[in-house]
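Below you'll find the structure, written out as structure tokens, and then a few comments.
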Amino acid sequence: MIHSRKGAYCALIGASLLLSTSAMAGEITVWCWDPNFNGAIMQEAGARYAARHPETTIKVVDFAKGDVEQKLQTALASGTTQALPDIVLIEDYGAQKYLQSFPGAFAALSDKVDHAAFAPYKVKLMTVDGTVYGMPFDTGVAGMFYRKDYLEAAGFKPSDMESITWDRYVEIGKAVVEKTGKKMVAIDPNGADLIRIMMQSQGKWYVDDQDNLTITDNPALRASLEVEGKLINAGVVKTLSGWTEWAGSIGSGDVATVMSGVWITGTIKAQADQFGKWGVAPIPSFSADGKGHASNLGGSSWYVLDASAEKDEAIDFLNEIYGKDVDFYQKILTERGAVGSLLAARTGDAYSTADDFFGGEKVWQRFATWLAEVPPVNYGAFTTEIDTAVMAHLPDVLKGEPLDDVLKSIEAQAQGQIQ
């Protein structure tokens with residue numbers, strides 16, 4: 001479900017931005033998905049770079065997300081590097097699969113980019129054996145969006161939503177259902193989005209830093225399954241299927257909260273009739289000590305192909321704009337709703353601007369603060385495959401089967417899928 005809105009676009013092969021009239025200009029080709037988000041942002045980056053380097057041409061080619069992944073996989077597997085672009089966008093959850101499966105395919109950027117300037121969790125996702133291969137881009141830093149009108153009707157103030165535990169969240173959800181008839185949250189039982197958010201908030205994933213599968217001995221996964229089971233069994237969840245139904249639950253006003261990455265802000269703000277009715281708070285935590293309220297869902301980064309004839313220029317382009325241009329990040333935030341992972345950008349005016357849709361709350365500043373607190377984890381190369389195993393056994397949790405047995409079943413299925 002993550003960023004499925006981006007994968008729905010038809011291929012716009014050949015769509016490009018010509019940034020120079022020089023016949024001798026070097027051309028940098030970029031593959032990405034979503035012309036209204038990633039594509040438009042890359043074109044803005046290209047325009048900025050061309051203003052300083054008029055000899056350069058940037059060609060942005062937009063495909064559906066699945067097509068980008070398939071074309072990249074096919075070309076790398078066949079060794080036909082001539083068919084590849086100079087720069088490609090890769091979703092963070094899939095980065096390690098490409099980096100580990102095709103060593104040497106992507107340019108090492110450790111000595112070219114100051115990765116210490118970015119959110120640490122983003123850098124970890126693109127690191128193999130101490131070498132960093134990507135340019136961090138947008139973040140999926142997570143938050144809890146909530147309907148202030150529904151919560152007020154159930155007897156809760158905005159302050160009651162701050163720094164709460166998951167147990168408290170379930171209690172509030174029961175009151176909301178009782179007093180308003182609205183469900184607390186929408187969940188697709190076939191999607192692992194909420195499990196991902198809860199696990200990373202605890203600093204854990206399906207694998208450890210050495211890529212060893214950790215399921216039966218994973219307290220974070222156990223706790224996450226317990227909470228999702230509690231939510232569903234408590235009757236506070238609207239169950240649905242797929243991105244369209246999930247996003248539709250926001251527009252229809254069926255749920256009191258939305259637990260997601262910052263990128264969902266645009267979908268929420270598109271509901272003009274809900275102006276002023278939304279607030280934002282940190283995600284719930286598993287402990288009452290005020291920690292564990294930061295996590296992530298989604299996000300992508302840019303990678304330069306090592307075989308690119310324009311490799312050095314491509315790296316310089318990414319480094320100059322995405323690695324250093326703070327004003328660029330202000331512009332893409334205000335125009336595209338993109339929260340970048342360059343930490344220095346958080347101090348810009350765009351981030352401190354009050355948002356009238358959220359009742360004057362400084363929403364972007366809140367997400368920028370949480371960004372630096374997201375625990376780094378190793379997504380490994382098989383997140384999607386393990387997600388499938390986890391969700392296949394969620395019904396066992398709901399039926400009350402012992403979690404030890406459920407985790408053993410998940411691990412057995414996961415091992416079979418990743419071999």
Could you check whether Ser409 and Glu401, counting side-chain N and O atoms only, form a donor-acceptor pair closer than 3.5 Å?
no

Side chain to side chain donor-acceptor pair (under 3.5 Å), that's the test. Do Thr383 and Trp205 meet it? Break it down for me.
CA-CA 9 Å; Thr383 287; Trp205 204 249; 3.0 Å; yes

Once you measure the plane-to-plane angle for Phe317 and Tyr49, does it fall in the parallel (<30°), tilted (30-60°) or perpendicular (>60°) bin?
perpendicular

Indicate yes or no: at least one non-hydrogen side-chain atom of Ser249 is less than 4.5 angstrom from one of Leu240.
yes

For Lys291 and Phe286, indicate whether the former's side chain and the latter's backbone hold a donor-acceptor pair under 3.5 Å.
no

Once the angle between the rings of Trp243 and Trp263 is folded into 0 to 90°, is it parallel (under 30°), tilted (30 to 60°) or perpendicular (over 60°)?
tilted

What is the ring orientation for Phe357 with Phe275, classed by angle as parallel under 30°, tilted 30 to 60°, or perpendicular over 60°?
perpendicular

Charged N to carboxylate O under 4.0 angstrom, Arg48 versus Glu44?
yes

Could Arg196 and Tyr93 be counted as a cation-pi pair, given that NZ or CZ must be under 6.0 Å from the ring centre and within 45° of the axis?
yes

Tyr169 side chain reached by Met184 side chain, heavy atoms, under 4.5 Å
yes

From the options Lys71, Lys65, Gln73, select the one residue that forms a side-chain hydrogen bond (donor to acceptor under 3.5 Å, both in side chains) with Glu69.
Lys65

Determine whether Phe145 and Phe367 satisfy the following criterion, ring-ring contact (aromatic ring centres under 6.0 Å, His included), listing intermediate values before the conclusion.
CA-CA 11 Å; Phe145 299 83; Phe367 279 103; 5.6 Å; yes

Can you say whether the rings of Phe137 and Phe37 are parallel (under 30°), tilted (30 to 60°) or perpendicular (over 60°)?
tilted

Do Trp278 and Ile250 have side-chain heavy atoms sitting under 4.5 Å apart?
yes

